[in-house]
Amino acid sequence: MKSAQHIMLKTENLNIGYASKKAETVVASNINMALQKGHLIGLVGANGIGKSTLLRTLTSVQSKLSGAVFLKDKNLETYSNADLARTMSLVLTEKIASKNLSVYELVALGRQPYTNWVGNLSDNDLEVINRAITQTNIETLKDKKCFELSDGQLQKALIARALAQNTDLIILDEPTTHLDMYHKAYILKLLQKLVKETNKTILFSSHEIDLAIQLCDTMVVMTKDSVITDAPCNLISKGVFETLFPKDLIAFDNLSGSFRVKK
Amino acid sequence: MNTNFKYAFISLTGILIFCFLANISLGSVSIPFKTVFESLLGITDNYIIQNYRLPKAFTAVLVGSGLGISGLLMQTLFRNPLAGPYVLGISSGASLGVALIILGAGIFGGVFATLLVSKWSVIIAASLGSFLVLSAVLIVSSKVRDTMAILIIGLMFGSITAAVVSVLSYFSSAEQLQQYIFWGFGSLGNLSWYELGIFFCVYCVGMILTIFSIKALNSLLLGENYAKSLGLNIKQSRLIIIIATSLLAGTITAFAGPIAFIGLAIPHMARQVFTTSNHKVLLPAVFLFGAIIMLICDSIAQLPTSDYTLPINAITSLIGAPVVIWLLVRKRKMLF
C-alpha cells in the first residue's frame, strides 16, 4: 500500500518508558506506526498517556526500552548528532534559555548544522533565514528581543527557527499550549500551510483534538491499550476518539467531529 | 557585523589604550605621559616603568579580560545571570591550597614550613588547589546529566573547602592569618616578567579553547535540548568550556589572588552596551570591558601620589557592585 520511499518515520514494536538500574517503567508498548512524507500529523491522547515520552523517544532525547525507530529508512540509532540535526528539527515545550536573543538571531541559530566552526552565515544561509521569516509572517518582529514577544509570536519565531534548520521532518511538542483559541488555530493552520508549501513532514502533539481533526492529514491516537495511526475521517468512523477519555463527562460527536460535555 | 558595533569596538579600543597608559603613568610616583611614551617606544629607559608599572598594567589586562570571559562562559553554560568564574569552586580550591601552605605551615611546623612559604609555592598551591577541586567537580559532573546539579556540586565543594580553611585558621598564629588575609586582598603588582610569561601562556590556551567554543556557546543560548538538536555534542562542549574557565580563572587566582566581582559584572556590562547575546560579539566586548575596568580599578587602588595601596579586591567590589545595580535599575532586567 505505502511504499518505503514514502515513509518518513516508522516504528517497529517500539516500547517506550523509563529504565533505571532497578526497574523498567513501561509507558507504552508495542507501538507500530508509519508516518508518510509530506503529511501534517497530529499526535493526540489523554494527559499522562505518554505523548511526550513518545516524542522524546522519536527525537532521541531519551532512549527507547526496546524495538526500533526508523527515520527515512535508517535506524535512528545510527544517526550522528550532526546528521540528525540536518534531518529533524524540534520545537520543544521548554523555554529557550536566553530571552536576550533577537528574533532574527534566534532564527539564524537554526543554520548551525550548516555553518563553519565559528558560525558565520553564508549568502545561502541568509536566504534560508529570510525565507523562514517570510513563511511564518514574522518580518515585523525580526529585530525584537524574545522577552518582548507574546506567547503566540514566540511560537512563530520558534517554528521559523526549525524551518531555517531546513530538515525534512519537524517535530513540535504541544505547540498550542498557553495560546488563545485564535492563535491555536493560527499556529496549526500555519503548520498545514508549511506542509503544503514545502512538502515537509510535520508531526505535532496537541490537546486540540477538534482542530487537529480538521487540519491533519494523519492522526496518531494514543490510548491505554493501543496507538492507532490513520486519516482523521477513518478514525472517526472507526470510533477511535470515543476511547480516548473516560466516558462520564464528555462524549465525541461524530457529526461535528468534536467533544461535547454531557448534560 | 553592523556599523554601530564597529564604532563601539573602535572607541573601546581607544579607551583601553588610554587606560593602559594612564595606569602606567599613575602611582605613588607620577610619571608624565611623555616619559611613558618614550619608555614604551624604547627611546629612554625608565626603571619603574619597565620593571613595575608595565608588567602590572599587562597583568591587569590579562586578569580583567580573563575573569570577564570566564564569567561569560559560566553564565551561558549554567543559564544563570548570577554565575561567575568562582561558582565551580575555583576560588575556594585556590584558597584551600594557599591556606594549607600558609596556615598549615604552623601546624606541620619546622623546616617544612620555611621551605614552603615562598611566592612560587603559593602560586603552585593555588593552582593545585583549584585544579583538584575542579577535577573533583568534573568527575562528579560526568555522572550527572543536569547542568544545574553541577552548579550546586561546585557550591558544595566550595563550602567544604571553606570549612577546612576556617579550621586551619583557628589553629594558626596571628602572623600567618595576616599573611593569608593579605593574599585574599588580591594583588596585580607582584609579577616579574618571567611569571607574567607563564601566566600569559596558560591564558592563551584558555582563550583558544574559548574561541573554539563560540558556536557551542551560541547554541547553548537555546538550552541543552535545542543545542543537541542542532548537532552539538553537549558533554564534549561542556567539558571544553569548563576546562577553559578553570585555566583562565585558576591561573588568575593563582597569580593575582581571588579578585571579586569582575567575572560577574563585566559580561552584563558588555550585554547592556552591545544589546546582544551573540558570543562572536560578546567575547571581544568582554575582553575590552574587562581590561578597561581592571586598569581603572588598579589605578584607583594605587591611590595616585600617595604611598598607600588599597586592596584591589575591595576596589573591584566597590566599583563592580554599583555598576551592576545601576545597569539593573536602568534596564529593569537581568538577562544573559
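Every chain is numbered from 1, with letters handed out A, B, ... down the list of sequences.
- Counting heavy-atom pairs closer than 4.5 Å to chain B, the top-ranked of the candidates L84(A), D83(A), V91(A), T167(A) is V91(A).
- There is no contact between I171(A) and chain B, counting heavy-atom distances below 4.5 Å.
- Looking at every heavy atom in both residues, R79(B) comes nearest to A97(A) through CD-CB, 3.3 Å.
- Proximity to chain A (any heavy atom under 4.5 Å) is restricted, for I214(B), to the side chain, taken from C-beta onward.
- Taking all atoms of both residues into account, the shortest heavy-atom contact from S229(B) to Q165(A) is O-NE2, 3.0 Å.
- Residues A85(A) and G231(B) approach most closely at CB-N, 3.5 Å, considering heavy atoms.
- With K95(A) contributing its side chain and G223(B) its backbone, the two residues share no donor-acceptor pair below 3.5 Å.
- Within the 3.5 Å criterion, the main-chain N or O of E224(B) finds no donor-acceptor partner in the side chain of E94(A).
- Remark: the backbone N or O of S60(A) is paired with a side-chain donor or acceptor of K228(B) at under 3.5 angstrom.
- Residue contact with chain B, scored on non-hydrogen atoms closer than 4.5 Å, is absent for R111(A).
- Distance alone, capped at 3.5 Å, is enough to place a donor-acceptor pair between the Y226(B) side chain and the L92(A) backbone.
- Between L222(B) and L101(A) there is a side-chain heavy-atom pair separated by less than 4.5 Å.
- Between E105(A) and N278(B), the shortest heavy-atom distance links the atoms OE2-CB, 3.7 Å.
- Within a 6.0 Å radius of NZ in K193(A), more than 12 heavy atoms belonging to other residues, nucleotides or ligands are found.
- Separating the CD atom in Q75(B) from the OG atom in S98(A) is a distance of 11.0 Å, to the nearest 0.5 Å.
- Interatomic distance, CG of N218(B) versus CG of L109(A), reported as 6.0 Å (0.5 Å rounding).
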Derivation and outcome, side-chain contact (heavy atoms from CB on, under 4.5 Å), residues V118(A) and K215(B): CA-CA 5 Å; V118(A) 76; K215(B) 192 173 166 178; over 6 Å; no
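- Here the CG-CG distance, from N81(A) to L230(B), works out to 10.5 Å after rounding to the nearest 0.5 Å.
- There is no contact between S80(A) and chain B, counting heavy-atom distances below 4.5 Å.
- The parts of I211(B) that come within reach of chain A are both its backbone and its side chain, each placing non-hydrogen atoms under 4.5 angstrom from that chain.
- L106(A) contributes atom CG, which lies 10.0 Å from atom CG of L221(B) (distance to the nearest 0.5 angstrom).
- By the 6.0 Å contact criterion, CG on N116(A) is enclosed, its count of non-hydrogen atoms from other residues, nucleotides or ligands being greater than 12.
- Heavy atoms closer than 4.5 Å to chain B are found in both the backbone and the side chain of Q112(A).
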